[in-house]
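What follows is one structure encoded as structure tokens, with my remarks underneath.
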Amino acid sequence: MINWRKAARGPVVTYGAIGLCCLIFLIGPLSGLNPVHGTGDILLAVQSAYFERWGVIPSELLSGAPSALVTPLTALFVHGSWLHLLGNMLFLFVFGAMAEERMGRIQFALFYLGCGYLALVTYAVVHADSDQTLVGASGAISAVLGAFLYLFPRARVTSLFPFLFFLPLRFPAWIVLIFWFALQWVAAQRAGSGPGVAYLAHVAGFCAGFLYAWGRSRRTDRVRTSAPATEGESQP
């Protein structure tokens with residue numbers, strides 16, 4: 001029997017974001033599973049229009065058009081391929097639940113959307129002249145990784161490293177996440193504004209997430225120092 005009360009206390013925002021991203025991908029033209037979008041050249045045209053409507057185009061975003069200002073939010077739920085979707089959702093599944101539990105649902109939801117928006121806008125500002133469309137939840141999920149690094153540095157996570165023959169090994173989160181961030185930073189220095197992975201959005205999101213968790217912890221500590229009545233609350 002399913003314990004619905006216990007399920008309702010789980011990481012609802014994390015699982016909801018995963019479910020919404022998967023649903024949007026499956027019913028949209030990018031999965032290739034929905035016959036309403038057609039096939040062949042028709043499907044390609046629909047996919048191109050879909051990206052332009054819901055994705056971030058830096059040159060248009062910085063023009064200040066109201067419709068473009070919404071795209072950093074809509075782009076967080078659009079993915080370009082099965083690999084893109086599954087990779088992002090795996091990271092969100094592994095790291096999102098604990099971060100949500102520590103922050104609380106509403107705060108985590110606002111954190112996820114806000115940092116994701118900031119990450120995409122940062123990329124757009126740096127590549128202001130680019131007409132390439134940017135989609136995906138990577139910026140928001142990178143923020144979750146940054147927050148996780150501050151909140152749970154000693155938590156052990158299973159990782160696969162190519163130079164270790166892809167053996168599943170468990171390492172402290174701080175080793176895995178700092179290594180991941182270093183790879184994104186190096187890749188961002190070499191990447192241009194053309195098609196490919198927006199590594200700069202990953203770097204911006206990770207930094208925003210880490211700084212948010214650090215700032216939130218400091219604010220909570222100050223409140224508890226001056227107001228002993230709040231000492232029974234959970235430590236962030």
Side-chain angles (χ1 to χ4, degrees), residues 13-14 16-18 20-21 24-25 51-52 54-64 67-81 83-96 99-100 103 107-151 176-216:
V13 176
T14 297
I18 292 173
L20 184 57
C21 286
I24 290 174
F25 183 78
F51 277 129
E52 293 178 2
W54 303 113
V56 174
I57 301 177
S59 59
E60 293 185 5
L61 176 64
L62 298 181
S63 71
S67 59
L69 294 176
V70 180
T71 57
L73 289 179
T74 59
L76 294 177
F77 301 94
V78 177
H79 292 82
S81 67
L83 184 61
H84 188 201
L85 172 72
L86 296 177
N88 276 349
M89 295 306 100
L90 176 60
F91 272 89
L92 182 55
F93 176 79
V94 171
F95 295 98
E100 179 182 346
M103 293 183 190
Q107 190 170 124
F108 180 77
L110 295 175
F111 159 81
Y112 183 86
L113 295 175
C115 289
Y117 192 103
L118 177 63
L120 295 177
V121 170
T122 300
Y123 179 91
V125 169
V126 175
H127 301 290
D129 298 327
S130 175
D131 293 323
Q132 297 292 331
T133 307
L134 184 64
V135 297
S138 301
I141 296 171
S142 297
V144 173
L145 301 186
F148 193 97
L149 174 61
Y150 183 84
L151 297 172
V176 175
L177 294 177
I178 289 178
F179 179 77
W180 179 89
F181 177 79
L183 291 180
Q184 306 306 304
W185 175 264
V186 171
Q189 307 310 305
R190 300 178 179 179
S193 60
V197 179
Y199 293 106
L200 179 59
H202 299 178
V203 172
F206 188 95
C207 292
F210 184 89
L211 291 174
Y212 175 85
W214 173 76
R216 177 179 179 270

Contact between Y199 and L183 at the side-chain level, heavy atoms closer than 4.5 Å - yes or no? no

Decide yes or no for I18 and F93: does some side-chain heavy atom of the first lie under 4.5 Å from some side-chain heavy atom of the second? yes

Could I get the full list of side-chain contact (heavy atoms from CB on, under 4.5 Å) partners for L20, not counting sequence neighbours? I24, F77

Applying side chain to side chain contact (heavy atoms under 4.5 Å, CB included) to V13 and Y112, what does each step give before you reach the verdict? CA-CA 9 Å; V13 176; Y112 183 86; 5.6 Å; no

Closest non-hydrogen atom pair between A198 and L134, with its separation: CB-CD1, 3.3 Å

Please identify each residue that fulfils ring pair (Phe, Tyr, Trp, His ring centres under 6.0 Å) with F51, with sequence neighbours left out. none

Residues in ring pair (Phe, Tyr, Trp, His ring centres under 6.0 Å) contact with F210, at least two apart in sequence or another chain: Y150

Donor-acceptor list for residues 83-92 side chains, cut-off 3.5 Å, not counting sequence neighbours:
residue: H84; atom: ND1; partner: G80; partner atom: N; Å: 3.1
residue: N88; atom: OD1; partner: S138; partner atom: OG; Å: 3.2
residue: N88; atom: ND2; partner: H79; partner atom: NE2; Å: 3.2
residue: N88; atom: ND2; partner: S138; partner atom: OG; Å: 3.2

So does W180 have more than 12 non-hydrogen atoms from other groups sitting under 6.0 Å from CH2? yes

The test is side chain to side chain contact (heavy atoms under 4.5 Å, CB included); show your working for H127 and Q132 and say whether it passes. CA-CA 10 Å; H127 301 290; Q132 297 292 331; over 6 Å; no

Sorted by chain and residue number, the side-chain hydrogen bond (donor to acceptor under 3.5 Å, both in side chains) partners of T14 (sequence neighbours excluded) come out as E100

For residues 200-209, run the donor-acceptor check on the side chains, cut-off 3.5 Å, and write out each pair with its distance to 0.1 Å, sequence neighbours left out.
residue: H202; atom: ND1; partner: Q184; partner atom: OE1; Å: 2.7

Would you give the length of the straight line joining atom SG of C115 to atom CD1 of I141, rounded to the nearest 0.5 angstrom? 12.5 Å

Partner of Y117 under side-chain contact (heavy atoms from CB on, under 4.5 Å), picked from L69, T122, L76, is L69

Residues 55-64, side-chain donor-acceptor partners within the protein, below 3.5 Å, at least two apart:
residue: S59; atom: OG; partner: S130; partner atom: O; Å: 3.3
residue: S59; atom: OG; partner: D131; partner atom: OD1; Å: 2.6
residue: S63; atom: OG; partner: E60; partner atom: O; Å: 2.5

